[in-house]
Q: 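Following this message is one structure expressed as structure tokens.
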Protein chains: 2
Amino acid sequence: MSVKVSSDDFTEQKILSKIAQLYYVDDLNQQKIAAKLNISRTKVSRSINKAKQSNIVSIKINSPLEKFIELESALEKVFELKECLVVPSNEDPAQVYGNMAVLLAELLDRLLDDGDMLGIGWGATLKNISASLVPLKKMNIKMVPLLGGLGKVGIEIHTNSVSSMLGQKYGGLSYAIHSPAVLDSRQAKEIMEKDSGVSEIFKLCEKIETALIGMSDLGEDSTLIKTGNFSIDDFKYLEGLGAAGDVNLIFINEEGKEIKNKLDERLLRMSPERLKKVKNVIGAAFGPQKIRVMLGALRGEFINILLTDENTAIELIKNA
Amino acid sequence: MSVKVSSDDFTEQKILSKIAQLYYVDDLNQQKIAAKLNISRTKVSRSINKAKQSNIVSIKINSPLEKFIELESALEKVFELKECLVVPSNEDPAQVYGNMAVLLAELLDRLLDDGDMLGIGWGATLKNISASLVPLKKMNIKMVPLLGGLGKVGIEIHTNSVSSMLGQKYGGLSYAIHSPAVLDSRQAKEIMEKDSGVSEIFKLCEKIETALIGMSDLGEDSTLIKTGNFSIDDFKYLEGLGAAGDVNLIFINEEGKEIKNKLDERLLRMSPERLKKVKNVIGAAFGPQKIRVMLGALRGEFINILLTDENTAIELIKNA
DNA sequence: TCATATAATGCACATAGTTTCAATAATTTT
DNA sequence: AAAATTATTGAAACTATGTGCATTATATGA
């Protein structure tokens, strides 16, 4: 009896391997295999599936980019992302920005059509990527800032400059927001909100389907401190509340929960509720200090497309 | 300029690898990949092809039987066979016969249906394979000898015994031919041919679509000598004409040409012309001494399905 | 810069592959 | 050994994939 079973297994494996070979290696179609082996096409189809499931067939992607692709697939699955793009890590951040720019150009080419709007967040990463981005083709897209200006004149990280740079490169239009992102009082913010120019932009934001945002940590080196918009005490206060950083000036913790705080009422930026409704939110960031805020942005689903580097990708997966 | 080209290549390879990964590894269909990446389904299809052609995708068959499958594919191509089956070589011929029997059972299961006829040739190989064959399922098939009897009573290699053994195993019918294969004179052969029993069988032969035959060399150990049907002088005479051996008592050289000879008119067997019309002719043989006659049978297209062992398969490919 | 050649794109159709379902065959249980 | 259960099968309906062709976009050369 056992002899019979083992010869059945042998026979089965033989025929599965043979069919797999004919299909995948010799490139016959299922119809031809069926005719050749005198079996039904249905059986060929089922045998191929069986061969795949029993690992008789192994398919591999051979590419120098393979490891990045695998990281991307893993992150897409773990954080339920629409898409993830990973570039090689490099000691020289300029290299990383450059590679990110190449992938971002390809991504935007797929995501945007003539007439579409692109929401723009803030951050050094965004600024640097945008600087080296070369559009695949010109498009009549409209750049819309998602928050007020940050930084003083001369420190060009404010959203308007990123918007206008991208607008110029794409040959499209860029809107400017004529208000700071951080105001002195709730009253001041409410007044700015009602300003016709500002409110027009926030009205446009309602229709945005694609946005590009950065993620920032609360370290002392943070651009927010450098620009003078926030003090070290502000950061300590936010850390005390459990914040890990911000996405588009929305402060969040590592778990992805928004950290409501006393500063919120003075911030002029797209609301968390609205941001979560945007179809494609591309978040770009890398580096060990960003891990916590990135985890928050991913877990809280503030972003659904991630652009990062290899080392950061590995860390994110470890902590997933 | 060169920078732009290389980043285009990078971008292209990236997207091809990504699509290939999604398709082959993550098992998304083309429609879903298209939706995910915001491109047309057509483009996905074309990208997958490009990825295959540029060897980004490599497909391998993993199976302990892989090397046999590869030999089979190679032989099928080189000799334009309908099918080829290769079993592991083994010092113990009984093991080889056993494995051949397993594959033959599976083959016959595919080739034959209820009511079909199976033509049976002669030879020690056939006898031994048939002895260990276990049918996959019972079938009402009819065994028809393709030549007269060989050997004396007690030396059971004559076709009738192979036929009846297989007939019993399959639960089918086996015809017996009541005449020797080698007669004393042309007249004797012509008389036997007219015998009602014999002519009935040769009439059945006309309708045969599947046949199982052996291939025999002209060595002194050949069964034909042992049975006394041929003398060493006969063999020397045939060798002198360039014969390498026989398929169903049709003498052929290494190139596949039939060697007409003075013995032919005394042989009672299916004609070469008729044999070549049979849809499926399964030839089974192995061993170094058989190489020449097997090459002839393959090149002369006397057989279109080959059943052999690994070492013989390798030799055949070397000499192809 | 414009005209021309060349390549990329997506639609509509053609081909290929999978799944459902009803029938048949194999297996297990009684 | 008969009955009940489970697995296998192939035809047909469905889904997925590939391709020819007209169109649009891109590159090339005058």
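So you know, we letter chains A, B, ... as the sequences are listed, proteins then strands, and number each from 1.
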Q: Excluding sequence neighbours, so at least two apart, what forms side-chain hydrogen bond (donor to acceptor under 3.5 Å, both in side chains) with A/Asp109?
A: A/Lys137

Q: Return the value, rounded to whole Å, for the distance between atom CD of B/Glu106 and atom P of D/dT8.
A: 15 Å

Q: Would you kindly give the CZ-to-P distance between A/Arg46 and C/dT18, to the nearest whole Å?
A: 11 Å

Q: Applying side chain to side chain contact (heavy atoms under 4.5 Å, CB included) to B/Leu111 and B/Ile305, what does each step give before you reach the verdict?
A: CA-CA 11 Å; B/Leu111 255 27; B/Ile305 300 179; 3.8 Å; yes

Q: For residues 42-51 of chain B, which side-chain donor-acceptor pairs fall under 3.5 Å, sequence neighbours excluded?
A:
{"residue": "B/Ser47", "atom": "OG", "partner": "B/Lys43", "partner atom": "O", "Å": "2.7"}
{"residue": "B/Lys50", "atom": "NZ", "partner": "B/Glu12", "partner atom": "OE2", "Å": "3.4"}

Q: Note the angle between the end axes of the helix from C/dT1-D/dA30 to C/dT30-D/dA1, five pairs defining each, rounded to 10 degrees.
A: 40°

Q: Which residues in residues 29-44 of chain B have a heavy atom closer than 4.0 Å to any atom of DNA chain C?
A: B/Ser40, B/Thr42, B/Lys43

Q: Using the test side-chain hydrogen bond (donor to acceptor under 3.5 Å, both in side chains), find all partners of B/Ser73 that sit at least two apart in sequence or belong to another chain.
A: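 For B/Ser73, the residues satisfying side-chain hydrogen bond (donor to acceptor under 3.5 Å, both in side chains) (neighbours in sequence not counted) are A/Gln21, A/Asp26.
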
Q: To the nearest Å, give me how far apart CD (B/Glu12) and C1' (C/dA8) are.
A: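 About 11 Å, once rounded to whole Å.
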
Q: Calculate the interatomic distance between A/Leu28 atom CG and C/dG17 atom P; express it in whole Å.
A: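 The answer, rounded to whole Å, is 10 Å.
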
Q: What residues, two or more places apart in sequence or in another chain, satisfy salt bridge (Lys or Arg N to Asp or Glu O under 4.0 Å) together with B/Lys14?
A: A/Glu72

Q: Please enumerate all residues that pass side-chain hydrogen bond (donor to acceptor under 3.5 Å, both in side chains) together with B/Ser58, with sequence neighbours excluded.
A: A/Asn62

Q: For the pair made of CG in B/Asn49 and P in C/dA8, what is the distance, rounded to whole Å?
A: 14 Å

Q: B/Lys138 has an atom NZ; how far is it from atom P of C/dT24, in whole Å?
A: 23 Å

Q: Could you walk me through whether A/Ile69 and B/Val25 pass side chain to side chain contact (heavy atoms under 4.5 Å, CB included), step by step?
A: CA-CA 11 Å; A/Ile69 305 277; B/Val25 183; over 6 Å; no

Q: The criterion is salt bridge (Lys or Arg N to Asp or Glu O under 4.0 Å); which residues satisfy it with A/Glu76, sequence neighbours excluded?
A: B/Lys18, B/Lys36

Q: What is the distance, to the nearest angstrom, from the NZ atom on B/Lys50 to the P atom on D/dT19?
A: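 Roughly 15 Å, once rounded to whole Å.
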
Q: Can you measure A/Ile48 atom CD1 to D/dA16 atom P for me and round it to whole angstrom units?
A: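 The distance from CD1 of A/Ile48 to P of D/dA16 comes to 17 Å, rounded to the nearest Å.
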
Q: The criterion is ring-ring contact (aromatic ring centres under 6.0 Å, His included); which residues satisfy it with B/Tyr170, sequence neighbours excluded?
A: none

Q: For nucleotides 5-7 of chain D, give me every protein contact, N/O to N/O, under 3.5 Å, one pair per line with atom names.
A:
none

Q: I'd like to check the ring-ring contact (aromatic ring centres under 6.0 Å, His included) partners of B/Phe68; sequence neighbours left out, ordered by chain and number.
A: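 Partners of B/Phe68 by the ring-ring contact (aromatic ring centres under 6.0 Å, His included) criterion come out as none, since no residue qualifies.
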
Q: Between B/Lys137 and A/Tyr23, who's closer to the 5' end of DNA chain C by nearest nucleotide?
A: A/Tyr23

Q: side-chain hydrogen bond (donor to acceptor under 3.5 Å, both in side chains) with A/Lys276: which residues, sequence neighbours excluded?
A: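 None.
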
